[in-house]
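Data first, discussion second: the structure below is written as structure tokens.
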Number of protein chains: 2
Amino acid sequence: MAFNHQKTLMAQARARGTFDTEALAQIIHGGAEGLQQKRGAWSRVEEAVGATDPDRLPDQYAYTSREDLYREGLQTGKAAWIDGVKHGHSLFDVITPRYGMSNASPFGIHYNLFGRTIDLMGTPEQKRKWMPLVAQGRVNGAYIQTELGHGSNVAGIQTTATFDPVDDAIVLHTPQLAAIKYWPGSIGYSATHGVVMARLLVPTPAGTAAGKPFKDHGIHPFLVQLRDPETGQATPGLELGDIGLKPAYNQNDNGYLSFDHFKIPRTDMLMGHCALDSDGKFTRYLPPEAVYGTMLSSRTFITFGAAFQLAYALTIAIRYSVVREQGSLPFDNQGKASQDIPIIAYRSQQYRLFSLLSSAYAMSFASKITRKIQDDLDARLRKGDYSTVTHAHGLMAGAKAWFTTVAADGAEDARKCCGGHGYLNISGLPDIVNMVTACCTLEGDNMVMWQQTARYLMKVMDVFESVQPRTSQVPPEIAYLANDPAILCATPIDPASLKDLHHLSAIRAHYHVKTAHNALTEAVKEGTPKPQAWNLHMLLLIRAAHAHISHFVLSSFYSALPTISDAKIKPVLTQLCHLFALTQLFPQLPTSSPTTASLPPAFLYPRFEVIASQQTNALLEAILPNAIALTDAWDFTDASLASALGCKDGNVYERLMSWTRQLPINARAKEPGGFDTRESWERYIKPALRIDLERGTGRRAADERFGEGIRARL
Amino acid sequence: MAFNHQKTLMAQARARGTFDTEALAQIIHGGAEGLQQKRGAWSRVEEAVGATDPDRLPDQYAYTSREDLYREGLQTGKAAWIDGVKHGHSLFDVITPRYGMSNASPFGIHYNLFGRTIDLMGTPEQKRKWMPLVAQGRVNGAYIQTELGHGSNVAGIQTTATFDPVDDAIVLHTPQLAAIKYWPGSIGYSATHGVVMARLLVPTPAGTAAGKPFKDHGIHPFLVQLRDPETGQATPGLELGDIGLKPAYNQNDNGYLSFDHFKIPRTDMLMGHCALDSDGKFTRYLPPEAVYGTMLSSRTFITFGAAFQLAYALTIAIRYSVVREQGSLPFDNQGKASQDIPIIAYRSQQYRLFSLLSSAYAMSFASKITRKIQDDLDARLRKGDYSTVTHAHGLMAGAKAWFTTVAADGAEDARKCCGGHGYLNISGLPDIVNMVTACCTLEGDNMVMWQQTARYLMKVMDVFESVQPRTSQVPPEIAYLANDPAILCATPIDPASLKDLHHLSAIRAHYHVKTAHNALTEAVKEGTPKPQAWNLHMLLLIRAAHAHISHFVLSSFYSALPTISDAKIKPVLTQLCHLFALTQLFPQLPTSSPTTASLPPAFLYPRFEVIASQQTNALLEAILPNAIALTDAWDFTDASLASALGCKDGNVYERLMSWTRQLPINARAKEPGGFDTRESWERYIKPALRIDLERGTGRRAADERFGEGIRARL
Ligand SMILES: Cc1cc2nc3c(=O)[nH]c(=O)nc-3n(C[C@H](O)[C@H](O)[C@H](O)COP(=O)(O)OP(=O)(O)OC[C@H]3O[C@@H](n4cnc5c(N)ncnc54)[C@H](O)[C@@H]3O)c2cc1C
Ligand SMILES: Cc1cc2nc3c(=O)[nH]c(=O)nc-3n(C[C@H](O)[C@H](O)[C@H](O)COP(=O)(O)OP(=O)(O)OC[C@H]3O[C@@H](n4cnc5c(N)ncnc54)[C@H](O)[C@@H]3O)c2cc1C
């Protein structure tokens, strides 16, 4: 390729970096070994699906019908699946080769949801039977919970699982339309098996006579074979199908499932947490909530994935911003056409992209902590120790909401940062935006999640306010709530100091948690029933949870800084952490920072705002030379980004045009079987341009007053 | 249909309304006549495309390839086009039959961009020739400005239009890859003609010898025939094609265009604003900016469209929220499964939906004002009066940014309010979200728009600070800036009073405009060059523009209230206006209200926040009974919503399942030529489940440590 201005701009921007990106990539990807392992897996899969040539239009942009997208998912999913099994790794259990959540593939529910549920809730015998099949990839499992009528409220699930003592069986049935399973990934056309959540009904001895023929034992998981592994045909008694296109995840066949009195052996009920014996006796070993353990852990995975997805969108947007030259600063335009500057030079572009970059790094460090908490919880649960569940859940619910909100809004703003071209599917951005946006809903709707964290915080405050708390026993994430706010506030705050901002963040979170707690307590004292008091102050409660998690994320990033030993990386991450703190507390633009948790009034005075604004500007300038280095460090391959705007070489215009010309609607417009332009012209356009009008009617008559005529009369 | 619980819930919610929705529909749609005309047009088009049966899966969800979606656009576009021509109306010039911006159709650029440019910039003779063809729909025109390398910076356009004195012609040419036209709507395969913006180069007499063979006269519009109207074949010398799938607007063929020394008569340059005579003499009658008049007016249309698009998303989300029952309030759950409450009962759901509803109404009233300003401007421009351009532009740029930001973020939150089902394409929501999101970019990127308003505001402040302004000459939209803030602040403020909030909104806007103006003035005084000073304080400037437009929208709504005569409607709109003011000034949730224009410190004290929170709660409760009435009043047809969740009858579950079963991937899975499940099973799934592993490698060996094995090592 000849001299290429965009490639030169990219090379120059890359050269400006002040640290070794490889060293930072190792920090992000769990050390040199982790990074190498990741690289191996990605390159093998990309080789297998033929995605290594960045000048070839990726298949998902070429073949676009619902059926085509599913087929593309099968192809990539199969390659990732085989790689994991052959090479004994689990890299694609959480994330697809394109950094979507793993449930974007028709094989993507198997390990984390299907396998994990058996692991958490099976009996030792069930595990012995199933876990090897899961581990070796001999079955493709789904997690079948949501129904047309029930999602968030899992306890309301209506699919019945009725014990049949005669056959020692369980009969799964869909009693009404709204009870049809709807949404589970991979069940449309791909999964061989599934864990089905259904309501266990056991016939009562007194039975029908008493008008209560069954005892309802609540929701439990059941193992179901969905298809013949040989032919892929649905097991008789099941209706299965796809639920159609979604904004993303179309590589997966999210589906529906209706049961018609479908019989399974009693022993296919997962009974690690309870038992149903052959004469219908039901015993519970663990609290009913134990049933939802899978969802708790998958929220941890989402925090991890969200950080990557935001980084993915930012890598594309920042690379593009370095090579896209457009316009000039006001008053600087001499009327000459050639005076374009790279858009990264605009302060607003810097603020949007770097504040989000600071969020992505903050999330990356915070997700290492959520991960540790989850690992600790897992170890405890295996020993039957439930003591940390409440804390882990109280943190993870809100973390899931915070991470996905910031990543979804952030990825969308990164997309907007690419102007019109960011609105092309071939930019790769729409797909990643739509993947991460869905995470605000799946595995627990965020509004429900915020409230679960708020509920936990209210309990914490009840304890802190009733007894003298001993900080030694308090988990670090909530320790700041145990302190007297008066003591905290006595410290003078300087927004130019990261330490002080971290402090201010604690003060803010404490203020909002306390405000919500007071409001709730008072309402109840005044006689409002608890549920109504909760609803009355729901907005304050959500805001409190938001401020709390924002503080958790900042604390995670802040406390990771001392562990960074590389002398060139440490100051750069410190700048990012400082910027993150500032954007959390003093957001500067009406985009990207959707916080409404304001500062306590005592901390609002103009001087503060001025310093914050100056400090923000200074940090943006400091980060600018490392913009490319900080995105390179995430180590995304060109194929994984699948973006005409985001490839490492910066060669955006040639690639955009090349991919565009390769689109089948263009490339095959003249070929037989290709898009028939002549037919569409004859059928639609020509007739529209030749309407025969009777004299005096319609626009023909309105010719003279056309100037007004073309204005809508609305 | 038998008894249907969801339909009952909808009927009950509808019955709770306290006013006549027909009367409000007339206010929204420009009187009884306007409403009737609209209804007629919609029902004719829906009849023509066979979209009247709400139980039939709409075509755009069934046939989903890039080519299919384009064909669907041709079909609907043709029907709307013919209706407009036959019945002499312009209802579909601004908006599609599905309430997208009109550029979502392959016929959608014709009136507002193509026709309007000729109207604004053609000579009388050119208009006489072209306007009848435009009005009668004999050609299908495009507006061809953006290039691969240039969008926002129109002055940087690189396509050349070189005067050829020998043939008295103009030669259009694409001098380099980045100069290829890229994005213009309808040019891929549909438009017959286009207005092309290109750089006029005229040979200089001294010529090549002096090293400056051409004089550059800047960007001008040229009329080009793109295709043979008979065959649809591209005119020789042009390469035309589609740019592929986008998040929405796939019914339109946004395309690319490359010129290979393409010759047109000199007289096909639009010369209403300048002249190029046959011996190359160039004369300009109007300022160069006159060339961009089309974009200014299309921004006005966008404010109008954005209000409808937000209302569209809200209609679906509010209807669904009334019939969707899910979960219960904390502490209210007796463990019984059937205790679901409608999600509209949750305070967070009310806040999200009703604050957005208040925004949609505010935008509807504000867009009547932008419309009036535009009409006034048009009338003046026709008389050569340029005196109000600066003001109109200064308002419209920011209004475009504010409306599209609020509508885009709002539509997305409305979508999220529908949980998982809002993530289905058949919910209708993803498409509307993606249509309105694009409006943040097209016709002027919002970051550029904010700054144009900011620039205007800075000029206004320069004037106000240098001379004693006489309020009588000041346009009403900026009058509040002329007042001394001290006088404004002296008034005591009560957040429970709408009048006071309106006042506070002015104070806030004044504060931010003043802050930005001071910062800029000071930086320049201290010696920073103006462009750099602008960049340094860009974030303050954007915030100022944001606060100013937010105040404009509130003022528009507020000042419309006295004009409402219906005694039942007036109090309801007053509640909405009050809620709008509160959410602008005291946002309660970290969603839907992306403002960072904080209140001036003097107005921040806890008492305020408490009153604002109480007042918000009270208004949400007051609005609740009218939730359905306020969405019915927008008068969307079922077909225009094309939503399984949003139909008027509330029958969501039956329709969801019926549409799902009609999806071709399901309905035709067993038919010949339909989706071949057996083939995909044999090719992808079966081989994945049967990998032959050598002993000791891969996951097979990891069986025992499976519990950890399925956890990603990341
Ligand atoms: C891409 C994708 C993949 C999925 N994969 C699977 C899968 O593999 N298996 C499976 O079983 N399911 C799956 N689901 C379904 C998913 O789990 C549910 O959509 C999710 O749990 C949300 O529940 P819902 O749809 O019922 O939303 P709803 O609960 O109906 O929420 C609708 C609205 O009500 C509000 N709301 C609800 N309850 C409350 C409350 N208590 N307080 C305040 N507001 C409330 C919500 O905020 C939201 O605005 C998937 C969904 C998606 C989008
Ligand atoms: C759906 C759709 C339909 C379209 N239809 C047409 C059509 O019919 N005809 C046509 O000619 N074009 C059309 N366009 C193109 C459209 O007009 C441009 O995309 C739009 O003007 C934005 O310009 P850009 O893409 O060059 O963005 P850019 O200017 O490259 O913007 C990229 C980024 O740089 C930032 N930026 C740029 N300048 C500044 C600045 N001065 N200060 C701060 N930040 C800045 C932006 O905020 C953005 O984040 C269409 C686009 C879309 C998405």
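Proteins get letters first, then strands, A, B, ... in listed order; numbering begins at 1 in each.
Between the CD1 atom of B/Ile426 and the NZ atom of A/Lys246 there is a distance of 11.5 Å, given to the nearest 0.5 Å. With rounding to the nearest 0.5 Å, the separation of OG1 in B/Thr192 from NZ in A/Lys686 is 13.0 Å. Taking OH of B/Tyr346 as the start and CE of A/Met447 as the end, the distance is 13.5 Å to the nearest 0.5 Å.
Heavy-atom distances place the side chain of A/Asp445, and not its backbone, under 4.5 Å from chain B. Of the atoms belonging to A/Glu230, heavy atoms from both backbone and side chain fall under 4.5 Å from chain B. For B/Leu663, the part lying under 4.5 angstrom from a heavy atom of chain A is the side chain only. Within the 4.5 angstrom heavy-atom criterion, atoms from both the backbone and the side chain of A/Asn434 approach chain B. Contact of B/Lys530 with chain A is made through backbone and side chain together, with heavy-atom distances under 4.5 Å. Looking at A/Ile685, both its backbone and its side chain come within 4.5 Å of chain B, counting heavy atoms on both sides. Only the side chain of A/Thr441 comes within less than 4.5 Å of a heavy atom of chain B; its backbone N, CA, C and O stay farther away. Proximity to chain B (any heavy atom under 4.5 Å) is shown, for A/Leu74, by both the backbone and the side chain. Proximity to chain A (any heavy atom under 4.5 Å) is restricted, for B/Thr677, to the side chain, taken from C-beta onward. With a 4.5 angstrom heavy-atom cutoff, B/Leu148 touches chain A via backbone and side-chain atoms both. The parts of A/Lys416 that come within reach of chain B are both its backbone and its side chain, each placing non-hydrogen atoms under 4.5 angstrom from that chain. Contact of A/Thr231 with chain B is made through backbone and side chain together, with heavy-atom distances under 4.5 Å. At a 4.5 Å heavy-atom cutoff, A/Val448 makes no contact with chain B through either its backbone or its side chain. For chain B, no part of A/Asp68 is nearby; none of its heavy atoms comes within less than 4.5 Å. Heavy atoms of B/Asn140 lying under 4.5 Å from chain A belong to its backbone as well as its side chain. Residue A/Gln349: no heavy atom, backbone or side chain, is found under 4.5 Å from chain B.
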Would B/Ile180 and A/Met657 satisfy side chain to side chain contact (heavy atoms under 4.5 Å, CB included), going step by step from the backbone distance to the final call? CA-CA 9 Å; B/Ile180 294 176; A/Met657 257 336 279; 3.7 Å; yes
Check against side chain to side chain contact (heavy atoms under 4.5 Å, CB included), B/Trp681 and A/Tyr189: CA-CA 8 Å; B/Trp681 193 267; A/Tyr189 291 100; over 6 Å; no
Does B/Tyr684 form a side chain to side chain contact (heavy atoms under 4.5 Å, CB included) with A/Gln75? I'd like the steps, not just the answer. CA-CA 6 Å; B/Tyr684 300 106; A/Gln75 192 200 4; 3.8 Å; yes
One pair to check against side chain to side chain donor-acceptor pair (under 3.5 Å): A/Tyr182 and B/Thr660. What are the steps and the verdict? CA-CA 10 Å; A/Tyr182 199 97; B/Thr660 302; 2.7 Å; yes
If you apply the rule side chain to side chain contact (heavy atoms under 4.5 Å, CB included), what do you find for A/Asn153 with B/Asp340, and how did you get there? CA-CA 8 Å; A/Asn153 182 23; B/Asp340 289 309; 2.6 Å; yes
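A donor-acceptor pair under 3.5 Å is absent between the side-chain atoms of B/Gln588 and the main chain of A/Leu539, judged by distance alone. Of the possible polar contacts, one joining the A/Arg138 side chain to the B/Leu689 backbone as a donor-acceptor pair under 3.5 Å is found. Judged purely by atom type and a 3.5 angstrom limit, A/Trp534 has no side-chain atom pairing as donor or acceptor with the backbone of B/Pro330. The backbone N or O of A/Pro664 lies less than 3.5 Å from no partner atom in the side chain of B/Arg66, so there is not a single donor-acceptor pair. Of the possible donor and acceptor atoms, none in the side chain of B/Lys86 sits under 3.5 Å from a partner among the backbone N and O of A/Ile691.
When each of A/Ile665, A/Leu177, A/Leu540 is scored by its heavy-atom pairs under 4.5 Å with chain B, the top score falls to A/Ile665. When the candidates B/Gly188, B/Gly151, B/Gly422 are compared by the number of heavy-atom contacts under 4.5 Å with chain A, B/Gly151 comes out ahead. For the set B/Gln158, B/Arg683, B/Arg661, the count of heavy-atom pairs under 4.5 angstrom toward chain A peaks at B/Arg661. Of the residues considered (B/Ser190, B/Ala669, B/Pro687), B/Ser190 shows the highest number of contacts with chain A, using heavy-atom pairs under 4.5 Å. For the set A/Ser65, A/Pro247, A/Gly420, the entry with the most heavy-atom pairs within less than 4.5 Å of chain B is A/Pro247. Taking A/Pro106, A/Ala438, A/Gly419 one by one and counting their heavy-atom pairs under 4.5 Å with chain B, the maximum is reached by A/Ala438. Contact tally against chain B (heavy-atom pairs below 4.5 Å) for A/Ser152, A/Gly77, A/Gly232, A/Ala345: the top residue is A/Gly232. Counting heavy-atom pairs closer than 4.5 Å to chain A, the top-ranked of the candidates B/Gly244, B/Gly241, B/Gly327, B/Ser348 is B/Ser348. Among B/Asn535, B/Leu442, B/Ile243, B/Leu656, the residue making the largest number of heavy-atom pairs under 4.5 Å with chain A is B/Asn535. By number of non-hydrogen pairs under 4.5 angstrom with chain A, the leading residue of B/Pro430, B/Cys440, B/Ser613, B/Pro229 is B/Pro229.
Remark: A/Tyr256 engages A/Glu239 in a side-chain hydrogen bond (donor to acceptor under 3.5 Å, both in side chains) (not counting sequence neighbours).
Side-chain polar atoms of A/Thr437 and B/Tyr423 form no donor-acceptor pair below 3.5 angstrom. Donor-acceptor pairing under 3.5 Å is lacking for the side chains of B/Ser680 and A/Tyr70.
Contact between A/Ala688 and B/Lys78 at its shortest, heavy atoms only, is CB-CG, 4.0 Å. Contact record, A/Ala178 with B/Tyr653: CB-CD1, 4.1 Å, taken as the closest heavy-atom pair.
Relative to the six-membered ring of B/Phe331, A/Arg455 meets both conditions, a distance below 6.0 Å and an angle of at most 45° to the axis.
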